[in-house]
Amino acid sequence: MLPGKLAFVDIETTGTRSSYDRIIEIGILRVENNQLVRTFQSLVNPQSYLPKEITMLTGITEQEIENAPTFRSIKDDILEMLEDCTFVAHNVRFDYAFLKHELLRENITYSAKHFCTVRLSRILFPHWQRHNLDAVISECNIQCINRHRAFDDAQVLFAFYQQLLKALPAKKLEEALSKTMKKPSMPINLPMEELDKLPEKPGVYIFYGDQPKTETGILKLSDSQKFLQTVPLYVGKSINIRNRVLSHFSSDISSTTEMHITQQIKRIETIPTTGELGALLLESQLIKELLPIYNKKSRIKHELITVKKRKNKFGYDECYLEPITTINADMLHEFLGFYRSRKQAKATLADLAKQHMLCEKLLGLEKTNDACFAHRLNRCKGACIGKENVTLYNLKLQIAFSESKILPWPFKGAILIQESEGIYDEFGLQGKNEYFAIDNWCYLGTTHVDSEGNINDKQSDKVTFDLDIYNILRQFLKNPANRKKIKLCHEQHKSS
């Protein structure tokens with residue numbers, strides 16, 4: 001059955017970020033049993049800056065919205081128009097997300113069935129070269145007097161739907177609407193074939209798109225990215241690539257980053273792996289190589305702050321911070337912990353000082369020639385002035401960093417971790433096997449393994465310690481079941 005109550009909606013906004021930008025105009029046509037029963041249109045005072053480019057696009061001026069009602073004052077009328085209706089819009093995830101955010105600011109949670117007329121046109125008219133609103137107007141010969149005005153654009157959607165009702169068998173339209181409402185809203189610049197070919201396997205996916213613009217111009221990219229027609233927007237991983245990618249395009253999306261990605265994405269590259277570990281390792285590697293725009297951590301400088309210790313002239317261990325870009329795996333015992341920034345490192349040191357009654361002066365948090373301030377508050381037992389037993393204080397420091405300190409490598413030499421696709425048939429476990437060579441927490445990669453499963457030692461000295469890989473491997477080894485997948489390359493496991 002076709003939906004009995006529909007609300008054809010279009011909005012104009014101050015920008016593209018639903019969590020930040022605001023609605024400046026809204027148009028709604030309420031349709032019941034295929035009959036137009038009520039309309040609503042209004043300018044909206046966003047109580048924020050109106051960019052000049054929005055005025056150029058829509059014709060809406062600052063003077064007009066200054067005298068317009070606020071969203072708060074018209075929210076009840078809007079909710080009444082939308083009540084019990086299926087929400088319909090062109091690129092529905094945009095309009096739906098903006099409306100949800102405006103209502104959330106009023107402490108109202110809104111949720112409704114919805115479908116996208118972009119996706120509907122893709123399903124019904126795959127031969128059309130484009131599916132934006134201008135294409136619908138042209139292909140269906142629909143008149144639109146004021147393009148990029150909310151009510152006029154919403155009228156176009158209703159006219160398009162009326163034409164479909166007249167031109168198509170009811171069953172065909174019902175099937176198309178069913179597909180539209182069950183599947184995510186397609187990014188407007190992404191061919192449908194890109195989603196159809198997504199594998200339901202573990203692995204890594206890479207979103208590519210045009211260079212995004214910022215408020216001050218083109219976002220600065222690396223030299224390698226400038227040579228590409230499309231640039232990496234985002235790298236992700238999953239045990240099911242298809243499901244994870246589709247989740248990015250959920251119409252309920254509230255993330256500004258997700259919204260930007262779907263507006264820019266043009267193609268998707270997928271790299272299947274045999275299992276989750278392979279996907280995690282490959283994702284970490286590709287983020288560092290490709291520097292995708294929306295993997296935020298990848299755009300931070302590749303420098304860690306490490307905490308190290310040294311003994312002062314009285315025998316107490318004192319801490320100091322040191323920036324580091326390359327980590328030699330053989331020197332891991334020298335580091336007490338690794339942090340993304342000095343701020344994070346100092347915050348951790350301050351927390352440890354309170355939890356373990358450590359001296360803030362010896363931790364490098366306070367510079368003084370006298371007792372530290374914590375000693376006056378009875379939170380330090382006087383190591384800063386030689387009152388606390390040296391051995392006991394140094395032991396406390398060791399215990400405090402036991403969680404953040406890199407664990408000793410629990411094997412004698414390198415190991416291979418086997419991961420299988422896990423396909424069972426009448427002959428037992430079948431499918432592709434993949435071997436990951438690991439030594440001293442360093443990932444050597446599968447290319448470092450010969451046909452007999454032995455390590456090529458010539459390559460191992462080129463590999464450095466990576467904190468992300470360490471965290472991946474540490475989590476993997478916490479699961480006792482994963483120990484069965486490990487093969488020792490040279491020697492036996494250390495006795496505990």
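Given the structure is predicted, the values throughout are model-derived calculations rather than measurements.
Glu62 is linked by a salt bridge (charged side-chain N to carboxylate O under 4.0 Å, His left out) to nothing, counting only residues two or more places apart in sequence or in another chain. Legend: residues meeting salt bridge (charged side-chain N to carboxylate O under 4.0 Å, His left out) with Lys113, ordered by chain and number and at least two apart, are absent. Applying the side chain to side chain donor-acceptor pair (under 3.5 Å) test to Asp76 and every residue at least two apart in sequence or in another chain returns nothing. Partners of Asn482 by side chain to side chain donor-acceptor pair (under 3.5 Å), not counting sequence neighbours, listed by chain and number: Lys485. With sequence neighbours excluded, the residues satisfying side chain to side chain donor-acceptor pair (under 3.5 Å) with Asp153 are Arg147. Here Glu83 pairs with nothing under the salt bridge (charged side-chain N to carboxylate O under 4.0 Å, His left out) rule; sequence neighbours left out.
At most 12 non-hydrogen atoms from other residues, nucleotides or ligands lie less than 6.0 angstrom from CD of Glu403. Remark: Gln63 CD is packed, more than 12 non-hydrogen atoms of other residues, nucleotides or ligands lying under 6.0 Å away.
Side-chain atoms of Arg267 never come within 3.5 Å of backbone atoms of Tyr208 as a donor-acceptor pair (strictly under, hydrogens ignored). A donor-acceptor contact shorter than 3.5 Å is absent between the side chain of Glu194 and the backbone of Pro191. At least one donor-acceptor pair under 3.5 Å links the side chain of Thr348 to the backbone N or O of Gln344. The backbone N or O of Ala7 lies less than 3.5 Å from no partner atom in the side chain of Thr86, so there is not a single donor-acceptor pair.
Note on Glu174 versus Lys171: no salt bridge recorded, every NZ/NE/NH1/NH2 to OD/OE distance being 4.0 Å or above. The pair Arg340-Asp468 meets the salt-bridge criterion, since a charged nitrogen lies less than 4.0 angstrom from a carboxylate oxygen. With respect to the salt-bridge test (charged N to carboxylate O, under 4.0 angstrom), the residues Glu12 and Arg149 do not qualify.
Evaluated for a side chain to side chain contact (heavy atoms under 4.5 Å, CB included) with Phe207, the options Val245, Val235, Val231, Leu190 yield exactly one hit, Val245. Of the residues listed (Tyr443, Trp409, Phe335, Tyr470), the one engaging Phe465 in a ring-ring contact (aromatic ring centres under 6.0 Å, His included) is Tyr470, and it is the only one. Tested against Phe8 for a side chain to side chain contact (heavy atoms under 4.5 Å, CB included), the candidates Phe151, Tyr161, Phe87 yield a single pass: Tyr161.
Between Ser284 and Ile469 the shortest heavy-atom distance is OG-CD1, 3.8 Å. Taking every heavy atom of both residues into account, Val156 and Ile142 meet most closely at O-CD1, 3.9 Å.
Between His127 and Phe125, the two ring planes are perpendicular [angle over 60°; tilted spans 30° to 60°].
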Going through the distances and angles, do His248 and Tyr234 end up as a side-chain contact (heavy atoms from CB on, under 4.5 Å)?
CA-CA 11 Å; His248 281 281; Tyr234 184 80; 3.7 Å; yes
Worked verdict on Glu102 versus Arg105 for salt bridge (charged side-chain N to carboxylate O under 4.0 Å, His left out)
CA-CA 5 Å; Glu102 289 283 10; Arg105 294 185 185 103; 3.2 Å; yes
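We find the CD1-OG1 distance between Ile65 and Thr14 to be 8.5 Å, quoted to the nearest 0.5 Å.
Using a 3.5 Å distance cut-off with no hydrogens or angles, the side chains of Lys478 and Gln475 do pair a donor with an acceptor.
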